[in-house]
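Read through the structure below, which is laid out as structure tokens, and then see the notes.
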Protein chains: 2
Amino acid sequence: MRAASVKDVADRAGVSVGTVSNVLNNPDRVASATRERVQAAIAELGFVRNDAARQLRAGQSRTIGLVLLDAANPFYAALAAGAEDEAAQHNSTVLLASSQGDPRREERYIDLFEEQRVQGLLISPVGDPSARLAQLVGRGVPTVLVDRDAEAETYGSASVDDVHGGRLAVEHLVAGGRRRIAFLASDPGLRQVADRFAGARAAAEAAGAELEFVRTSGMTILGGRAAAADLLRRETTPDAIFCANDLLATGVLQALIMDGRYRVPEDVALVGYDDIEFASSAIVPLTTVRRPAEEMGRTAVRMLLGRADVEHTVFKPELVIRASTARETGEASAAH
Amino acid sequence: MRAASVKDVADRAGVSVGTVSNVLNNPDRVASATRERVQAAIAELGFVRNDAARQLRAGQSRTIGLVLLDAANPFYAALAAGAEDEAAQHNSTVLLASSQGDPRREERYIDLFEEQRVQGLLISPVGDPSARLAQLVGRGVPTVLVDRDAEAETYGSASVDDVHGGRLAVEHLVAGGRRRIAFLASDPGLRQVADRFAGARAAAEAAGAELEFVRTSGMTILGGRAAAADLLRRETTPDAIFCANDLLATGVLQALIMDGRYRVPEDVALVGYDDIEFASSAIVPLTTVRRPAEEMGRTAVRMLLGRADVEHTVFKPELVIRASTARETGEASAAH
DNA sequence: TTGCCCCTTTGAATCGTTTCAGAAATACGA
DNA sequence: TCGTATTTCTGAAACGATTCAAAGGGGCAA
């Protein structure tokens with residue numbers, strides 16, 4: 001049995017297709033008696049509007065595409081939740097796609113969304129915004145980069161002042177008397193990493209503290225754990241570790257606890273980045289640089305729909321101080 | 001400027017629209033010289049196929065809708081990754097939507113996907129499969145429940161034998177000499193929870209061990225931590241805790257460590273469920289009941305596309321033994 | 001009764017693709 | 001050279017919604 005169409009509904013209700021369409025889209029233009037009759041017919045036939053046909057004629061969809069670097073990362077998950085929420089308020093819907101850091105997959109999803117003529121595209125690109133993306137914008141698809149600032153005028157963007165974030169973290173550490181600081185991240189070439197490190201370096205230099213870039217195998221818990229284990233094998237260990245995200249910091253914390261020789265925060269202070277949900281519930285609650293993930297998602301959607309008047313929104317990160325950098329705590333220590 | 005259509009491409013290349021369509025869909029039916037001419041025209045005009053029109057005519061899309069309970073839960077994230085992968089191999093694409101446990105949101109997404117005439121729907125429903133879902137199936141939309149077995153013949157399903165999983169966990173605990181076991185979960189009314197508990201109880205009774213259902217506020221780290229803190233305030237504490245998922249177990253572990261009086265696993269053994277990525281990297285690596293998240297996602301997609309000949313696939317969970325239930329370990333203990 | 005206005009309803013045209021029956025071109029054997 | 005297969009190409013019809021100019025009909029004042 002073929003799915004019911006407006007034509008079927010119209011026949012059943014004894015009206016024309018135009019009227020059915022109006023019941024669907026402009027209910028107040030239809031006399032209430034007619035409207036009810038049509039609605040009854042819709043219910044009886046189990047009519048479901050064919051979105052393809054609607055879109056073909058209307059020329060625009062009510063769907064926003066969101067391509068994420070990694071849907072499993074709590075930060076991006078939160079960002080997506082914010083975007084969905086905001087979109088819902090504007091009667092749009094967000095469809096998620098996870099590129100898993102794979103450029104080909106990213107491209108597949110961009111293609112798909114463009115063919116679907118989405119209202120707009122939100123994307124945290126794998127590498128530098130690709131030619132494919134520029135093309136998209138050239139064809140008039142509203143595009144907003146999230147968690148990435150756009151150099152050019154090409155894209156809108158909703159990002160965070162990561163230089164400031166890096167500075168905040170290290171200023172806090174030196175204010176607590178720390179002098180030998182390790183900065184942990186995977187690839188110094190990544191924009192976000194580079195910015196955070198630049199801010200950190202500025203603060204360290206201003207205070208005359210040491211700052212060393214320590215490379216990890218990935219921005220994950222395991223990466224943090226492995227890098228920290230290496231660090232602890234040295235003769236002189238840092239008295240503070242600043243991680244480029246909370247997953248890394250979680251791994252470092254685990255390595256410190258397993259090692260057992262150093263207390264957090266007494267012997268080593270630890271700062272993360274993002275303030276993901278798990279940061280506050282770590283064994284030693286993590287001091288971290290908070291980025292407003294949900295708000296970033298919301299804003300990006302608002303920009304896309306043209307309700308925000310700025311082309312680039314840059315959020316100020318803020319320092320959230322917790323036990324992992326406290327100066328005098330017996331309780332919050334992880335080892336004895 | 002209007003986006004280029006097949007008509008435009010056809011004019012430019014000096015062929016008919018039918019030929020352009022063939023270049024797009026049946027390239028081998030077109031002479032190579034012609035094909036190249038058309039492809040050149042496509043590139044010059046920046047033609048992008050309008051998916052709405054294609055779908056309208058073809059009647060089917062190449063998109064699979066996946067509605068998840070909580071995209072932020074690593075288990076579901078992994079399941080989604082598996083589904084995406086499998087779909088890609090069949091030239092389909094998965095679009096994710098997160099219901100966040102909200103039935104209205106779930107319904108919105110079901111509506112959207114039905115209007116989009118998706119190839120099929122994968123869903124981990126919020127409550128019991130709703131009337132809305134039955135309707136969907138009645139209209140011929142292939143639907144597969146994930147992480148939920150389907151009683152009726154209505155839906156396909158890819159699930160796990162949770163009774164068996166519960167039994168495995170408790171059998172392991174009693175074999176290790178544990179006698180007072182607490183089972184932690186949020187809502188005993190949830191199917192998954194009920195099954196796991198039933199299996200646990202069977203094993204406990206067979207061994208003559210005590211088993212108590214302890215209710216948590218939610219299936220999260222915080223929920224586990226709070227419930228464990230309560231438990232530790234009692235006079236007699238359990239010598240083993242079995243959690244309905246790894247997030248709960250992580251929370252319990254944290255509470256035990258902060259409390260400091262009990263060692264894991266010497267004084268209290270701990271078992272989780274799911275084997276999420278973080279389980280092996282917890283402070284005390286977690287013994288847990290592994291569910292093949294990725295494989296479940298893959299299988300669900302395969303069933304949807306009719307490549308699997310079974311209507312219901314039930315996976316056997318397996319026990320992964322790690323330090324949190326070891327019998328003789330000095331090293332892996334969390335407190336000293 | 002007539003004329004005018006406003007509220008409803010109508011239905012053909014339209015969006016951009018795919019499909020498919022048949023035309024055109026080409027190849028090939030006799 | 002002719003007839004027949006085979007390959008390639010054509011273009012109108014169809015998919016199912018929305019749109020919009022125009023028609024229908026009721027109410028009301030003159």
Side-chain angles (χ1 to χ4, degrees), chain A residues 1-39 41-42 45-63 91 111-112 114-118 139-140, chain B residues 1-39 41-42 45-63 91 111-112 114-118 139-140:
Chain A
M1 193 198 67
R2 222 183 70 271
S5 72
V6 276
K7 182 72 175 34
D8 300 323
V9 173
D11 289 351
R12 173 84 156 211
V15 298
S16 75
V17 293
T19 301
V20 175
S21 177
N22 274 331
V23 170
L24 258 28
N25 305 297
N26 312 86
D28 42 324
R29 262 190 232 159
V30 180
S32 61
T34 315
R35 197 190 315 140
E36 278 159 28
R37 205 144 31 89
V38 172
Q39 276 159 346
I42 288 176
L45 296 174
F47 167 77
V48 175
R49 187 209 268 107
N50 183 324
D51 193 54
R54 180 243 278 273
Q55 221 176 282
L56 175 58
R57 182 60 238 241
Q60 250 241 336
S61 82
R62 306 222 45 89
T63 293
N91 207 25
D111 287 347
L112 176 70
E114 186 175 14
E115 289 193 358
Q116 292 199 350
R117 302 290 192 269
V118 290
R139 297 205 194 100
Chain B
M1 192 198 66
R2 219 181 75 271
S5 72
V6 276
K7 182 74 174 39
D8 301 323
V9 174
D11 290 350
R12 174 82 156 211
V15 298
S16 74
V17 292
T19 299
V20 175
S21 176
N22 275 331
V23 170
L24 258 28
N25 304 297
N26 311 86
D28 42 323
R29 261 191 232 157
V30 179
S32 61
T34 317
R35 197 191 314 141
E36 277 158 29
R37 203 143 34 88
V38 171
Q39 276 161 346
I42 287 177
L45 296 173
F47 167 77
V48 175
R49 187 210 269 107
N50 183 324
D51 192 55
R54 178 243 275 270
Q55 221 175 280
L56 176 57
R57 180 60 236 237
Q60 251 243 337
S61 81
R62 304 222 48 89
T63 293
N91 206 25
D111 287 348
L112 176 70
E114 187 174 13
E115 290 192 359
Q116 292 198 351
R117 300 290 192 272
V118 290
R139 298 204 194 99

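Below, each value reflects all heavy atoms present in this structure, side chains not excepted, and no hydrogens, waters or symmetry copies. Every chain is numbered from 1 and lettered A, B, ... according to where its sequence line falls, protein lines coming before strand lines.
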Nearest whole Å is fine: how far is [N] [atom2] from [X] [atom1]?
X      : N       : atom1 : atom2 : answer
D28(B) : dT7(D)  : CG    : P     : 12 Å
I42(B) : dT17(C) : CD1   : C1'   : 13 Å
R37(A) : dT8(C)  : CZ    : C1'   : 12 Å

Q.
For a quick check, with a 4.0 angstrom heavy-atom cut-off, what is the B/S/- contact string for nucleotides 14-28 of chain D, read 5' to 3'?
A. BBBBBB---------
Q) Per the side-chain contact (heavy atoms from CB on, under 4.5 Å) rule, which among V15(B), V23(B), V38(B), V17(B) passes with V9(B)? A)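 So, applying the side-chain contact (heavy atoms from CB on, under 4.5 Å) to V9(B) and each of V15(B), V23(B), V38(B), V17(B), only V38(B) qualifies.
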Q) Are any of the side-chain nitrogens in K7(A) or D11(A) under 4.0 Å away from the carboxylate oxygens of its partner? A)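 Yes, this pair counts.
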Q. So does T19(A) get a side-chain nitrogen or oxygen closer than 4.0 Å to the phosphate oxygens (OP1/OP2) of dT10(C)?
A.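 For dT10(C), OP1 or OP2 has a side-chain N or O of T19(A) closer than 4.0 Å.
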(Q) Please find the pair of heavy atoms, one from N91(B) and one from R62(B), that lie closest to each other, and give the distance. (A)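 Of all heavy-atom pairs spanning N91(B) and R62(B), the closest is O-NE, 3.1 Å.
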**Q.** Closest non-hydrogen atom pair between R49(B) and R117(A), with its separation
**A.**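 Reported closest heavy-atom pair: O-NH1, 3.4 Å.
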Q.
Within the 4.5 Å heavy-atom criterion, are Q39(B) and V30(B) side-chain neighbours or not?
A.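 No. Closest side-chain heavy atoms not under 4.5 Å.
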Q.
Test your reading of the model: is there a side-chain donor-acceptor pair from R139(A) to the backbone of G46(B), 3.5 Å cut-off?
A.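 Present.
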